[in-house]
Amino acid sequence: MQNGVEKHSTGKIEAAKDKLTDKQQKLKDKHNPPGGHDNTPIPTARDGYTVKITIHRAENLPVSDLNSRSSDPYIQATLTAALSKRHKEDPDLVLRTPTIHKDTNPEWNTEWIVAGVPSSGFRLKCRLYDEDPSDHDDRLGNVTVNVGRIGLDWPGIKTESFNIEKRMGSKRAYMIRGCAAMLSSNVHMGGALWLSAEVLGESEKPYGRMYTVGKTFWFKHYSPMIGRIAGTKAPGSSQGSQNEDKPKAERYDFQANQFQLQGPVPEELYHRFVEFKPFVKGMFSKTGVRGRVLNRALHHQHARVYNFSNATKNGIVKPRSKEASLQFLKMVHYDEGGRIFTYVLTLDGLLRFTETGKEFGIDLLSKHTMHSDVNIYIACSGEFFVRRLKHPKKSTDAPDQATHPNADFPGGPPNAPPPEDPENYELVIDNDSGTYRPKGELLPLLKDFLNQSFPGLHIVTKECTDKELQKMKDEQRERKKKEGKNVHMVQNSDGEISSSDEENLARGKKTRKQMAFDALEDPRKVVKELLPGGKGREEREQRETAEDRVEVEGERSGF
């Protein structure tokens, strides 16, 4: 009897211990979900070459806009090679050319220099589109170039013409071209794209990945969405008119920025999204109906913020130069306004950033998820801000050092223009991102990379939990409140994706605020969505995605 009681008591104790262990494990998993830093090494390769690809021009593109009887063409080029990836989800190298407006015979002359291309060759896929900021960008066709082998003795491609495949083009655009060809013998259906490619030499070791080098390009996107609602214009955007009765031309303030930095990004900067919500994994991996819908919605949000239109500005600067540093400072408005920016650095060194603050709200999901365009892996993410130094020649932590805008001193705003010398400024950047949770110990690598990218600029990296950092951000926000003239964009903080956000996106439901934004930005588009047939754009997107899949499967099968 006593032995039976003892065994029963022992069993209860063991069961209680197991239950406690399970609870502790669940709490541990909750506080340490999968994701964050990934130390998987880059697979090695035996060689690598630096290749310059030039997209020259296109001829005889179809007319996509009946009003202007022209098109607004651009190219999205994707470069792939027979290199093993750390993970299959790693994004391919992609280049987006500037848009040439109202031209069916556009000239880009865009150079793309890529290092680490293996001797086994590469595949260049050029997708031609017609830009339409208020609707779906129509596909104008594809050009695919397969190069079997390269080396120092490779003759290259010297301004060669490639026929544009029409089967992936917009049915509407080519229907217009077909009707015109029936009416006139001078109109031809076929178009062509001129490309060049050459080997510049061997790349630096170690080999195993491709990355962008050479000319540094930047894009500045203007969105009327927030500016119209807040009624705030960009400083200095007003232009005088010869007729005083006519209103001055003004541009709305909100901006989204892209800045291509020269690679390679340090190998250790490699972070995966964190699965802090049950549905987040499906959203990134596009598994299940719900995951695909959420993934598509976030891609749409990214396209809205980084919207290409007639107002989009772009340019090229010399990489790792004072010119690059000054261009970056211009894009962040130097030290004016107490601004704080949200950023994502991609694996290929593309820096995306927008201003963010607490004075204005908009329905977006996780801010870094949107900036990364739902990429599973990125290099780093967080927030940053720029301050002007009182003593440019001294270190940022010198005892008598002071910074603007939290302290006023002569030599710049608000009483004089900002000095155009990178040494006058410090860039304070952190790892404040709940989506990817970049590892704080790796911030020195980010600092070294940015020091190379922006010579002269003082780079200061800080952990997101640093109390001094929080104090500095509070000072920035206080300065912003005092000025009260700048537009902010608030995005839900990473880790605060709610189930209501998920349900609204999954059902395709829009909040009243979102509908109001849409109506102010483009009333005609809202009317189209309310009327029957408003889903035509989505159907075209789905059809083109399916056609792409068929093309890839056909190529793999040898057709």
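Counted by atom type alone, Arg387 and Gln476 present one or more donor-acceptor pairs between their side chains at under 3.5 Å. Side-chain contact, Asp137 with Tyr74: a donor N or O sits under 3.5 Å from an acceptor N or O. In this model, no donor atom of one side chain and acceptor atom of the other lie less than 3.5 Å apart for His458 and Thr396. Residues Asp397 and Ser395 bring a donor and an acceptor atom of their side chains to less than 3.5 Å of each other. Side-chain atoms of Asp348 and Thr212 include a donor-acceptor pair closer than 3.5 Å. No hydrogens or angles considered: nothing links the side chains of Asp38 and His271 as a donor-acceptor pair under 3.5 Å.
In this structure, the ring of His221 has its center less than 6.0 angstrom from the ring center of Phe308. In this structure, Tyr425 has its ring center no closer than 6.0 Å to that of Phe328. Taking the six-membered ring wherever Trp is involved, the centroid distance between the rings of Phe384 and Phe353 falls below 6.0 Å.
Counting non-hydrogen atoms of neighbouring residues, nucleotides and ligands closer than 6.0 angstrom, the NZ atom of Lys220 exceeds 12 such neighbours. Under a cut-off of 6.0 angstrom, the local environment of CD in Gln401 is crowded, with over 12 non-hydrogen atoms contributed by other residues, nucleotides or ligands. Summarising the local packing, NZ of Lys281 is surrounded by 12 or fewer heavy atoms from other residues, nucleotides or ligands at distances under 6.0 Å.
Note that CD of Glu267 and CG of Asn39 are 10.0 Å apart. Values are rounded to the nearest 0.5 Å. Distance check, rounded to the nearest 0.5 Å: OG1 of Thr78 to CZ of Arg123 gives 9.0 Å. Once rounded to the nearest 0.5 Å, the distance linking OH of Tyr306 with CD of Gln301 reads 13.0 Å. Remark: Thr342 OG1 to Arg352 CZ distance equals 14.0 Å, nearest 0.5 Å. Taking CG from Leu261 and CG from Leu351, the interatomic distance works out to 5.5 Å, rounded to the nearest 0.5 Å. Separating the OG1 atom in Thr99 from the CG atom in Asn310 is a distance of 8.5 Å, to the nearest 0.5 Å.
Salt bridge Arg139/Asp130: absent, no basic N to carboxylate O contact under 4.0 Å. Ionic pairing of Arg477 and Asp474 is present here: one or more N-O contacts between side-chain nitrogen and carboxylate oxygen are shorter than 4.0 angstrom. Between Glu423 and Lys322, no side-chain nitrogen of the basic residue sits less than 4.0 Å from a carboxylate oxygen of the acidic one, so the salt-bridge criterion is not met. A salt bridge is defined here as a Lys NZ or Arg NE, NH1 or NH2 lying under 4.0 Å from an Asp or Glu carboxylate O, and Lys480 with Glu355 meets this definition. Note on Glu131 versus Arg96: salt bridge recorded, some NZ/NE/NH1/NH2 to OD/OE distance being below 4.0 Å.
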For a side-chain contact (heavy atoms from CB on, under 4.5 Å) check, start with the C-alpha distance between Asn295 and Arg292, then their side-chain angles and the critical distance, and finish with the verdict.
CA-CA 5 Å; Asn295 184 277; Arg292 289 195 295 271; 5.7 Å; no
Should Phe341 and Thr354 be marked as a side-chain contact (heavy atoms from CB on, under 4.5 Å) after you check the CA-CA gap, both sets of side-chain angles, and the distance that decides it?
CA-CA 5 Å; Phe341 296 86; Thr354 62; 5.8 Å; no
Carefully, step by step, assess Arg304 and His300 under the rule side-chain contact (heavy atoms from CB on, under 4.5 Å).
CA-CA 6 Å; Arg304 285 190 67 179; His300 177 66; 3.6 Å; yes
Candidate pair Thr216 and Gln260, rule side chain to side chain donor-acceptor pair (under 3.5 Å), full reasoning
CA-CA 6 Å; Thr216 296; Gln260 178 66 54; over 6 Å; no
Could you go through Met472 and Asn406, starting from their C-alpha distance and side-chain angles, then the distance that decides it, and tell me whether this counts as side-chain contact (heavy atoms from CB on, under 4.5 Å)?
CA-CA 8 Å; Met472 296 170 77; Asn406 64 309; over 6 Å; no
Does the pair Glu383 and Lys367 meet the rule for a salt bridge (charged side-chain N to carboxylate O under 4.0 Å, His left out), with working shown?
CA-CA 11 Å; Glu383 294 183 338; Lys367 54 188 177 183; 2.8 Å; yes
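The main-chain N or O of Met370 is found under 3.5 Å from a side-chain atom of His302 such that the two form a donor-acceptor pair. The main-chain N or O of Arg339 is never found under 3.5 Å from a side-chain atom of His333 such that the two would form a donor-acceptor pair. For the pair Lys85 (side chain) and Asp90 (backbone), a donor-acceptor distance under 3.5 Å is present. Remark: the backbone N or O of Pro438 is not paired with any side-chain donor or acceptor of His37 at under 3.5 angstrom. In terms of modelled atom types and a separation under 3.5 Å, the side chain of Ser203 and the main chain of Thr50 share a donor-acceptor contact.
Side-chain contact between Leu95 and Thr110 is present, with at least one heavy-atom pair separated by less than 4.5 Å. Put simply, the side chain of Glu89 does not reach to within 4.5 Å of the side chain of Ser285, judged on heavy atoms.
Judged by the 6.0 Å and 45° rule, Arg272 forms no cation-pi pair with Tyr436. Geometrically, Arg86 engages Tyr270 in a cation-pi contact defined by less than 6.0 Å to the ring centre and at most 45° from the axis.
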